[in-house]
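Single-structure report; data block below.
What you are looking at is a predicted structure, and each value in this text was computed from that prediction instead of being measured. For reference, positions follow the sequence shown, starting with 1.
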Amino acid sequence: MLNVSFGNFIMPQKSSLKKDDRYFVNQPKALKISFEGNDKDYYVQLSKKMAYALRHKPEQCGIKLDKEGFADVNGLLEYLRTVKRFCNVTIQDIKDTMANIDKKRFELKGDNIRAYYGHSCMQKIEKIATPPPKVLYHGTSHEAAEKILKEGIKSQNRQFVHMSSDIETATKVGARRDKDPVVFVINTEKADKDGLKFYLGNETTWLSDYIPPEYLTVVK
């Protein structure tokens, strides 16, 4: 495992990235590096700026998304370089960020890049429906859970409802709003048969437009 510092960044000629499952085939090749101190903060903050531009405010950042959410990576670099800390950012920095953050949030395909999920921008992102697992999970607060039991899971300020492929991830998501979160199990097999559409976000995140309450059960 290679240690790098942003002030003296050295990248070997050859790089590799472990192959992911069949859903993710267009990931950039990059070396896994160990983050320490300012290095970790640099990549975390870079990821947040990328998310701001690709998920939330592309128009304010001078970035144009296509119907699938892709943008010209050079346009993203131009925006990032307007931020003092990232004035010298390169495509390799973006690849390293994508290879080393804890979840797959972005896809780089040729000269185009997009956020997999989490969009709250005005432009509606088109997704391709994918058969989901038999069940998915959604973690939330006790306050929100009472409303969900009556009204179902709505996208709120995002374009899609977010669900997790496992209880552990759903619990972590719910813990952002409640120390002892409520976790719903979603009967996606029945919902899919009934015509609800599901979209793949990343390896642990699934999306949908709306989940009615009849497909929800609280995990005991």
Do [X] and [Y] have side chains that approach each other closer than 4.5 Å (heavy atoms only, starting at C-beta)?
X: V218; Y: V183; result: no
X: H138; Y: I211; result: no
X: N74; Y: L76; result: no
X: L65; Y: R114; result: no
X: T130; Y: F198; result: no
X: T188; Y: Y215; result: no
X: M98; Y: F106; result: yes

Got a second to check how far [X]'s [atom1] is from [Y]'s [atom2], nearest 0.5 Å?
X: N112; Y: D72; atom1: CG; atom2: CG; value: 6.0 Å
X: K64; Y: E59; atom1: NZ; atom2: CD; value: 13.0 Å
X: I153; Y: T140; atom1: CD1; atom2: OG1; value: 8.0 Å
X: N202; Y: R105; atom1: CG; atom2: CZ; value: 8.5 Å
X: K179; Y: S141; atom1: NZ; atom2: OG; value: 14.0 Å
X: L77; Y: I63; atom1: CG; atom2: CD1; value: 9.5 Å

Sequence-distant partners of [X], side chain to side chain contact (heavy atoms under 4.5 Å, CB included), two or more places apart:
X: D111; answer: none
X: S164; answer: T169, A170, V173
X: Y210; answer: K154, P212, P213
X: E189; answer: K134, N187, K193

Quiz prompt | Result of checking L80, L46, D41 against R85 for side chain to side chain contact (heavy atoms under 4.5 Å, CB included) | solution = D41
Quiz item: Under 3.5 Å, side chain of T97 to main-chain N/O of D93, donor-acceptor pair present?
Solution: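 Yes; at least one donor-acceptor contact below 3.5 Å.
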Quiz item: Within the side chain of S47, is there an N or O that forms a donor-acceptor pair under 3.5 Å with the backbone of Y43?
Solution: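 No; judged by distance alone, with no hydrogens or angles, the pair does not exist.
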Could you pull out all residues at least two apart from [X] that satisfy side-chain hydrogen bond (donor to acceptor under 3.5 Å, both in side chains)?
X: Y199; value: D209
X: R81; value: none
X: Q60; value: Y52
X: S155; value: none

Quiz item: How close do K197 and S208 get, heavy atom to heavy atom, and via which atoms?
Solution: O-OG, 2.7 Å
Exercise. Over all heavy atoms of both residues, which pair between W206 and P131 is shortest? Give the atoms and the distance, please.
Key: CH2-O, 3.5 Å
Practice problem: Under the side-chain contact (heavy atoms from CB on, under 4.5 Å) rule, what do I113 and L54 come out as? Steps first, then yes or no, please. | Solution: CA-CA 8 Å; I113 189 170; L54 297 173; 4.1 Å; yes
Practice problem: Kindly state each residue pair satisfying ring pair (Phe, Tyr, Trp, His ring centres under 6.0 Å) with at least one member in residues 66-96, sequence neighbours excluded. | Solution: Y42-F86
Quiz prompt | By salt bridge (Lys or Arg N to Asp or Glu O under 4.0 Å) - contacts of D194 (at least two apart) | solution = K190
Quiz item: Counting heavy atoms not belonging to E143, are there more than 12 under 6.0 Å from its CD?
Solution: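 Not more than 12 within 6.0 Å, no.
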Practice problem: Flag yes if more than 12 heavy atoms outside E151 fall under 6.0 Å of its CD atom; otherwise flag no. | Solution: yes
Quiz item: Can you list the steps and then say if M163 with T205 is a side-chain contact (heavy atoms from CB on, under 4.5 Å)?
Solution: CA-CA 6 Å; M163 297 160 288; T205 304; over 6 Å; no
Practice problem: Can you run down the salt bridge (Lys or Arg N to Asp or Glu O under 4.0 Å) pairs that involve residues 156-174, sequence neighbours left out, and say none if there aren't any? | Solution: none
Quiz item: Do you reckon L136 sits in the same ILVMFWY cluster as L149, going by side-chain contacts under 4.5 Å, direct or chained?
Solution: yes
Exercise. Indicate, with yes or no, if I91 and V83 share a hydrophobic cluster defined by side-chain heavy-atom contacts under 4.5 Å among Ile, Leu, Val, Met, Phe, Trp and Tyr.
Key: yes
Practice problem: Apply side-chain contact (heavy atoms from CB on, under 4.5 Å) to the pair Y116 and K104, showing each step before the final yes or no. | Solution: CA-CA 8 Å; Y116 274 124; K104 287 182 172 55; 4.0 Å; yes
Quiz item: For residues Q92 and D96, is any side-chain donor paired with an opposing acceptor at under 3.5 Å?
Solution: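 Yes.
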